[in-house]
Undergrad: 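Structure in C-alpha cells, see below.
For this chain, numbers begin at 1 and follow the sequence in order. Just follow the structure's listing: the first ligand is 1, and inside any ligand the first atom is 1.
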Amino acid sequence: MLTTEDRRILKQSWDKVSSIQEELGCESLTRMFVVYPTSKTYFPHFDLSPGSANIRGHGKKVMKALEDALNNLDHIHENLAELSNLHAYNLRVDPVNFRLLGRCIQVSLATHLKSDFNAQTYAAWDKFLSCVGDVLAEKYR
Ligand code: HNI
C-alpha cells in the first residue's frame, strides 16, 4: 500500500527523470538482457545489442506506461488492464520477469538520481514497481 509520503517521493523523483525516460527505459532493458539473459527469449524479433533502436523504442513504451500508472495510482488496475491481458494471454511472459525488470529500473533510477535515490526513495519505487508487476501478473491466476 503506497502511503501519502511514498506518493510524494515517487512524484518528486519522477519529475527529476521524466525528461530522460527514454534513456532510462533503454538502460533498464539493456541491463535486464545482460544480467538476466533468459529474459531475451521474449524478444526473438529484436536487435538486442545494448542500446539498439529496438530496445530504445521499447524502453520508451515501457516508461510511458509506468508514467501513466504513476499518474493514476488510485486506478492502477484499470490503468494497466490492457497491458495485463497482453502480457498474460498474448505474450505469456513468466511473471518472475516483472520483478527482474523492476530491479533493473531501480538500478537505472539510482544511477541517475544518485544521492537523491536514498532509502525512502528506494522503498517507494520498490512498492510501486512490485505493485505494477502484481497487476501485470494478476491475469495468470
Ligand atoms: Ni512488456 C510490450 C509495458 C515488463 C515483454 N510491454 C509492452 C508494451 C508495453 C509494455 C507498454 C507495448 C504494448 C503495445 O505495443 O501495445 N512491460 C511493460 C511494463 C512492464 C513490462 C510496464 C513492467 C514494468 N514486458 C515486461 C517484461 C517482459 C516483457 C518483464 C519480458 C521479459 N512486453 C514484452 C514483449 C512485448 C511487450 C515481448 C512486445 C514487444 C514487441 O514490440 O513486439
Undergrad: Relative to the ring of H87, is the ring of F98 parallel (under 30°), tilted (30 to 60°) or perpendicular (over 60°)?
TA: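 Answer is perpendicular, since the angle exceeds 60°.
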Undergrad: Which is it for L109 and L24 under the side chain to side chain contact (heavy atoms under 4.5 Å, CB included) test, yes or no, and what are the steps along the way?
TA: CA-CA 7 Å; L109 284 167; L24 270 182; 4.0 Å; yes
Undergrad: Can you pull out the closest protein heavy atom to atom 38 (C) of ligand 1? Residue, atom name and distance to 0.1 Å, please.
TA: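 Among all protein heavy atoms, the one nearest atom 38 (C) of ligand 1 is Y42 O, 3.2 Å.
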Undergrad: Start with the C-alpha distance between F128 and I76, add both sets of side-chain angles, then the distance that settles side chain to side chain contact (heavy atoms under 4.5 Å, CB included), and finish with yes or no.
TA: CA-CA 10 Å; F128 169 64; I76 200 158; 4.0 Å; yes
Undergrad: Please list all pairs passing the salt bridge (charged side-chain N to carboxylate O under 4.0 Å, His left out) test where one or both residues lie in residues 104-113, with sequence neighbours left out.
TA: none
Undergrad: Can you tell me which residue pairs pass the salt bridge (charged side-chain N to carboxylate O under 4.0 Å, His left out) test with a partner in residues 42-58, sequence neighbours excluded?
TA: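 Passing the test, one end in residues 42-58: E22-R56, E23-R56.
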Undergrad: What is the closest protein heavy atom to atom 5 (C) of ligand 1, and at what distance does it sit?
TA: F43 CZ, 3.3 Å
Undergrad: Give me the nearest non-hydrogen protein atom to atom 41 (C) of ligand 1 as residue plus atom name, then the distance to 0.1 Å.
TA: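 Heavy-atom neighbour on the protein nearest atom 41 (C) of ligand 1: H45 NE2, 3.5 Å.
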Undergrad: Heavy-atom distance under 4.5 Å between the side chains of L129 and L66, does that happen here?
TA: yes
Undergrad: For atom 30 (C) of ligand 1, find the nearest protein heavy atom and state the residue, atom name and distance (0.1 Å precision).
TA: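 Checked against all protein heavy atoms, atom 30 (C) of ligand 1 sits closest to N97 O, 3.3 Å.
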Undergrad: Enumerate the residue pairs fulfilling salt bridge (charged side-chain N to carboxylate O under 4.0 Å, His left out) with a member in residues 80-109, sequence neighbours excluded, ordered by first and then second residue.
TA: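 Salt bridge (charged side-chain N to carboxylate O under 4.0 Å, His left out) check on residues 80-109 returns R99-D134.
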Undergrad: Tell me the protein N, O or S atoms under 2.8 Å from atom 1 (Ni) of ligand 1, in chain and number order.
TA: H87 NE2
Undergrad: Which heavy atom of I55 sits nearest to which heavy atom of C26, and what is that distance?
TA: CG2-O, 3.7 Å
